[in-house]
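In each ligand, atom 1 is the first atom listed, and ligand 1 is the first ligand listed.
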Amino acid sequence: MLDDLKHDFPIFNSYPELIYLDSAATAHRPRSVITAINQFSILENSNIHRGVYDLSNNATGKYEEVRLKVAKFVGSENANNIAFTKGTTESINIVAQSYLADRLEQGDNIVTTIMEHHANFIPWQMLAEKHSIELRIAPVDENGDLIIEQLNALIDDRTKLVAFNHISNTLGTVNDIEQLIELAHQKNAPVLIDAAQSILYYDLDVKKLKIEFMAFSGHKMFGPFGIGVLYVADQLMDEIKPYNYGGGIIQSVTVNGTSFSNFPFNMEAGTPNVSGVLGLGSAIDYIEKIGKRMIKEHIGTLTKYCVEQMKQLSEVKMLGSPKNRSGIISFVVDEIHPHDIASFLNKDQIAVRAGMHCTQPLLHHFGESATARASFSIYNSKSDVDALIKSLKELIKFWA
Ligand code: PMP
């Protein structure tokens, strides 16, 4: 178990009693990340890629260093595989609009799964509607595991993309991405991985896994809001056309037309989120200092403990029981509305999520309209789980 890392996170100095169990929504930021962001504003603030003076050159250098750092973090040596975006949602929408939209023809299909976050579902649904093609949706079993044979049967030689999450933000299911990528590639379909929930503590080596597209957000991996990543494999980089037009993405502009830079520079029109990128770089340093393996072990231990404790409470029903679960547990308590559960826990300063977690099709599949959700990170400890269970017991007594 990782001890004492809570001290790295200033939010807990401000709120010492806070039991934060909502890291799947957003993680807190360690001091080093906050310092990196502030330091940029205080000492280094300047626009990038535009100035020839020292301050601007320095900012450009640091921004581009992070691009290479991100590439290496996901197993690539090529910084140009990495575009900075606002987050997972924007990264996925770019693949939908800048890559896929122009290559869809009647009879094609896109394959996704019922367990996706809306960010990895609606973009495909909109494309399917607009281009009159089929959106094929792989189901999950009652444990919340993908039914692999059924997913496999959906992929064929007209599949233009297979898009799935590594970890479900509602069920906590960890998908066997190696196997899923293999199934897609057998039919020559490219793959998009939504790594929003896994990038923090799962090894994602894009080269070994032969991933075509991958999306994730800074704020779920101790970085700032408003910064995310789109990874695009070498062989598809030339296929991504600009989706947003403006400064910073051009080779030349005349009154007769414009020619654009190559990926990733054709994605970053306008002034980018420079301090966000530097904060993301600092978050990667922090993760690497602790090590993904340690983070995974810590979160895994807490989750296992919490699942065991919840199983003792007959009134608590967990949504799914996946073979391989990450640090996320969705649950309901008797007939109590999840918002009431979350409000009750809030009085004990326990922060959990309540609602549909942007996975409405999945919740409908399980016959629920909302759940409460607890999710863990490195600043949590067993005592946080104990506090959650104690408060749930009081809730059950109070409601009886
Ligand atoms: N996919 C998954 C699996 C997520 O958990 C989230 C965030 N809840 C997203 C996509 C969207 O991420 P963002 O809001 O940072 O764009």
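Ligand 1 has no nitrogen or oxygen under 3.5 angstrom from a nitrogen or oxygen of Asn165. For the pair Glu90 and ligand 1, the shortest N or O to N or O distance does not fall below 3.5 Å.
Within ligand 1, the atoms closer than 4.0 Å to a non-hydrogen atom of Gln197 are 3 (C), 4 (C), 5 (O), numbered from 1 in the order shown. Ligand-side atoms of ligand 1 in range of Ser217: 12 (O), 13 (P), 15 (O), 16 (O), range being under 4.0 angstrom from any heavy atom.
Residue Lys210 qualifies as open at atom NZ: its count of foreign heavy atoms under 6.0 Å is 12 or below. Other residues, nucleotides and ligands contribute only 12 or fewer heavy atoms inside 6.0 Å of the CZ atom of Arg353. Within 6.0 Å of NZ in Lys390 there are 12 or fewer heavy atoms belonging to other residues, nucleotides or ligands. Counting non-hydrogen atoms of other residues, nucleotides and ligands closer than 6.0 Å to CG of Asn13 gives a total above 12.
Side-chain contact between Glu64 and His49 is present, with at least one heavy-atom pair separated by less than 4.5 Å. The closest side-chain heavy-atom distance from Ser41 to Asn38 is not below 4.5 Å.
Among protein heavy atoms, the minimum distance from atom 8 (N) of ligand 1 is reached at Lys220 NZ, 2.7 Å. Given atom 4 (C) of ligand 1, the protein heavy atom at minimum distance is His117 CD2, 3.4 Å. The protein heavy atom nearest to atom 11 (C) of ligand 1 is Thr89 OG1, 3.5 Å.
Counting heavy atoms under 4.0 Å from ligand 1, residue His219 touches it through the side chain alone.
Cation-pi geometry between Lys347 and Phe344 is met: under 6.0 angstrom from the ring centre, within 45 degrees of the axis.
For Asp194, the closest heavy-atom approach to ligand 1 falls below 4.0 Å.
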